[in-house]
A.B. asks: 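Structure below; questions to follow.
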Amino acid sequence: MSETVVSLRKNPEPPVDPAPVTTLTVVPDPAPAKPVPLWLRSGRAIRTAATHERTRTAGRTIARHSLYIHGGARIITKRAWDARTPARYERYMRTAEAAGNFEAAAEWEERGQRFRDARHRRRMDLLHSPLDAAKGAAVTTGMGIGGLVLIGVAMAVATKDATEVVTPLMAVIKFINLMVTIVQVVWGPAVSLAPFLALLALWAVGSKQQAAPAWALPDRVRNGEGEPITPSIVVKALRDLGVSTLRKAIKEMGDAGASMLGPITIAGCGIEVDVTLPSGVSTIEVQQRRRKLAENLARHEHEVFITIPQAARTVRLWVADSGALDEPIGPSPLVTDDTMTADYAKGKAPWGQDLRGDAAGLSLYQRHLLITGLSNQGKTVALRSLALWLALDKSVQFLMGDLKGVGDWAMFDGLAQILIQGPTDEHVIQVTEMVEGAVEEMNRRIQAPPGTVFPALIVLVDEAQVAFMCPVKDEEGRYYGGAKATSRYYMAVRKIHNQGRAVNVLMWQGTQDPTNENLPKLVREGAHTRASLALGTESQARMALGDKAVDGGAAPNLLRPGLDQGTLVVASSGIDIPKGQSSITVRTHYVDDDAAVALTDRAKALRDGVTTLTLIDRGEDRDPLADIAAVLADAPRLRTQDVIKRLSALNADAYGDWSPGDLTRVLDGTGAEPYKSDGRMVVGRDQITRALAHRDESDSASASE
């Protein structure tokens with residue numbers, strides 16, 4: 001038997017790739033977390049609920065209203081005790097003694113003795129009052145019964161019924177019985193409700209007086225946000241000021257220090273109160289703690305101002321409403337009133353508002369002016385606002401030097417006789433010569449006949465510290481800057497300060513960071529009106545405003561740089577300052593460049609035309625015909641005297657002593673000789689222009705030959 005063997009090796013099938021195997025990684029389940037004990041979960045929940053803000057608020061609310069009852073009971077008890085005993089007189093007497101007012105202490109002692117005498121008489125009267133009351137009751141009862149019987153007799157006679165005799169008496173008895181019944185019905189509920197009504201009365205008194213600890217009060221009251229200033233708040237702020245003598249004196253005062261305070265009055269966007277300090281406490285001790293006092297009053301430092309009035313041992317506090325000083329004060333009347341005019345002699349410039357919210361006007365009549373402050377605090381705008389108002393008086397003349405040179409005063413081109421703008425030494429030289437020219441004009445006015453009235457000439461230099469610090473010397477070796485007798489700018493300013501006021505030649509200066517180097521002492525003290533914006537130190541404040549103003553409470557160094565822009569402290573007789581104070585804080589109006597241009601356009605319309613010189617020549621060869629054409633550039637014709645004045649302003653060395661004969665001599669033969677118009681000798685612009693053109697043509701022809 002044959003076997004058939006089938007080999008699997010013969011005719012093999014093509015290999016087939018094995019299917020890809022996907023490896024699955026089995027991650028074992030994590031070990032089950034250990035269950036949190038029930039007591040721990042409950043404790044966490046209780047802690048979360050207990051510390052939640054809503055729970056805290058609810059707890060404070062419950063505690064507050066409960067403590068109102070306790071506080072109300074304390075207040076009512078104190079009031080009752082004061083009413084029944086001479087305790088209040090004792091407190092007032094101790095307060096007067098602590099304040100050193102022994103006359104008032106003696107008066108309160110006398111009032112207390114009168115109270116004791118009256119109380120003794122009342123107590124003695126009580127010994128006899130039971131017998132007197134019994135006698136009175138017997139008499140009253142007898143008379144009452146007798147009266148009722150008489151009424152009954154009258155009724156019986158009228159009705160012919162004898163029983164009517166007792167009718168009135170029975171009616172009274174029934175009424176009494178009814179009252180007893182009503183009392184029996186009401187007495188039970190009244191006795192039950194009486195404790196609740198008493199607690200409600202105590203709660204009402206306590207809630208009105210906020211008689212609860214600070215931690216239980218609402219957030220608004222506890223934080224003091226928007227809280228009105230009350231006498232108790234002021235006294236508490238003074239008590240916690242850190243002055244041991246003051247704290248002890250307040251503690252010994254029977255009225256808790258209330259007698260120190262004058263009336264709290266509304267003053268603009270805040271309140272004002274005078275505080276008479278007790279003996280042994282200096283006003284400087286309160287001034288030096290301004291920040292702490294402000295914080296005790298729940299205010300920022302810049303919202304509390306401390307000044308020293310005329311009364312002895314007294315400080316005057318002005319406390320702003322929270323955030324009120326950060327609000328703008330509104331536009332200037334110069335901008336809103338198109339019909340406003342100025343009067344140099346009698347008017348006041350609308351500069352801004354004081355802290356009371358009243359308009360602050362500054363008189364500029366015969367007063368030199370100095371404004372200082374850190375850079376970018378609004379010094380130029382504050383100074384320019386005064387010049388813009390004064391420009392509306394067409395009689396006022398301006399000589400201006402802007403040593404910053406960025407165009408802040410460019411709108412006065414065509415209004416000022418001289419306008420120099422730039423920060424270089426060359427500009428300082430020109431400004432110095434401008435001020436020296438004003439000195440010559442001042443001397444000319446002084447030599448005029450007595451009684452002569454001169455228009456105001458304002459010599460204004462902005463960024464004056466650049467002039468004082470200029471190191472350049474002239475040909476004779478004299479410095480233009482500096483603070484010595486060899487300084488040309490310094491000496492020119494001093495001369496105007498000494499004598500300019502009498503002839504209406506006034507010096508206005510604006511400067512940064514007052515120091516002895518950039519603002520000499522004699523120049524500072526020569527200004528009648530001194531104003532300062534924010535400064536860095538108290539020493540700078542003293543340089544800016546003087547020791548008297550700073551000792552009286554002026555503190556521009558406490559203004560906030562960058563935040564109190566335009567707010568300045570003013571010491572001047574030209575502004576209304578509260579009696580007893582030496583300075584006033586003013587928030588000035590902001591007049592922007594566009595509004596300033598509109599104002600100067602109005603001022604220019606009031607004038608016949610002013611040729612503004614932007615460069616002062618110094619000793620160069622002059623061309624009289626060209627200079628005459630220059631001063632006539634903005635007018636078709638001018639009187640010969642006006643032409644000479646403008647030439648003198650252009651160059652005093654060349655034309656300062658000219659007469660009409662000199663002008664006629666120069667114009668003789670040019671075809672532009674002076675001629676009469678309306679009975680006055682004038683010089684025509686067109687004739688001068690033709691003469692100048694003809695001369696230039698002749699010179700060109702001669703040169704070509």
Side-chain angles (χ1 to χ4, degrees), residues 68-137 198 201-202 204-206 208-211 229-241 243-265 272-283 285-286 309-317 580:
Y68 279 164
I69 298 174
H70 177 268
R74 188 180 68 252
I75 293 172
I76 290 178
T77 302
K78 185 176 183 300
R79 291 176 179 174
W81 180 257
D82 287 343
R84 302 293 298 174
T85 67
R88 70 173 66 186
Y89 302 101
E90 296 288 344
R91 289 201 306 271
Y92 294 154
M93 184 173 64
R94 288 196 300 270
T95 299
E97 289 177 348
N101 191 347
F102 297 104
E103 182 179 352
E107 182 180 353
W108 285 116
E109 184 180 12
E110 182 182 353
R111 291 187 181 185
Q113 186 60 42
R114 289 201 299 267
F115 175 84
R116 293 186 184 91
D117 294 341
R119 185 181 60 180
H120 177 71
R121 286 194 299 271
R122 289 194 301 270
R123 289 176 176 176
M124 295 302 295
D125 292 341
L126 288 175
L127 297 176
H128 306 283
S129 58
L131 181 60
D132 294 339
K135 291 179 179 179
L202 296 177
V205 174
K208 185 177 181 180
Q209 298 293 328
Q210 295 290 321
I229 302 299
T230 61
S232 60
I233 290 176
V234 176
V235 172
K236 185 176 183 297
L238 293 169
R239 184 195 66 193
D240 299 337
L241 205 53
V243 182
S244 59
T245 307
L246 179 59
R247 182 177 64 254
K248 183 178 179 181
I250 293 176
K251 185 177 180 180
E252 292 177 352
M253 292 179 182
D255 60 351
S259 61
M260 296 193 306
L261 307 184
I264 296 180
T265 58
E272 188 174 74
V273 59
D274 284 356
V275 181
T276 302
L277 302 175
S279 178
V281 182
S282 171
T283 56
E285 293 181 277
V286 177
Q310 197 169 6
R313 266 196 357 257
T314 303
V315 293
R316 179 168 295 163
L317 307 181

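Just the heavy atoms: all of them, side chains too, but no hydrogens, waters or symmetry mates, feed the values below.
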A.B. asks: In Å, rounded to the nearest 0.5 Å, how long is the span from CZ of R116 to OG1 of T85?
C.D. replies: 9.0 Å
A.B. asks: Can you tell if the side chain of L246 reaches within under 4.5 Å of the side chain of M260, non-hydrogen atoms only?
C.D. replies: yes
A.B. asks: Closest heavy-atom contact between T245 and G280?
C.D. replies: CG2-O, 3.9 Å
A.B. asks: Tell me, do P86 and R119 make a side-chain contact under 4.5 Å, heavy atoms counted?
C.D. replies: yes
A.B. asks: Walk me through it: do M124 and R121 pass the test side-chain contact (heavy atoms from CB on, under 4.5 Å)?
C.D. replies: CA-CA 5 Å; M124 295 302 295; R121 286 194 299 271; 5.8 Å; no
A.B. asks: What's the separation between atom CG in L277 and atom CZ in R313, rounded to the nearest 0.5 Å?
C.D. replies: 7.5 Å
A.B. asks: When L238 is tested against each of D240, V234, V235 for side chain to side chain contact (heavy atoms under 4.5 Å, CB included), which residue passes?
C.D. replies: V234
A.B. asks: Mind checking whether P231 and I264 have side chains closer than 4.5 Å, heavy atoms only?
C.D. replies: yes
A.B. asks: I want to check something: taking the side chain as every heavy atom from C-beta on, are V275 and L317 in contact at a cut-off of under 4.5 Å?
C.D. replies: yes
A.B. asks: Taking salt bridge (charged side-chain N to carboxylate O under 4.0 Å, His left out) as the definition, give me every residue that meets it alongside E272, ordered by chain and number, with sequence neighbours left out.
C.D. replies: R356
A.B. asks: Would you say CD of E285 has more than 12 non-hydrogen atoms from neighbouring residues, nucleotides or ligands within 6.0 angstrom?
C.D. replies: yes
A.B. asks: With sequence neighbours excluded, tell me which residues meet side chain to side chain donor-acceptor pair (under 3.5 Å) with R247.
C.D. replies: none
A.B. asks: Looking at residues at least two apart in the chain, or sitting in another chain, which of them share a side chain to side chain donor-acceptor pair (under 3.5 Å) with S232?
C.D. replies: T230
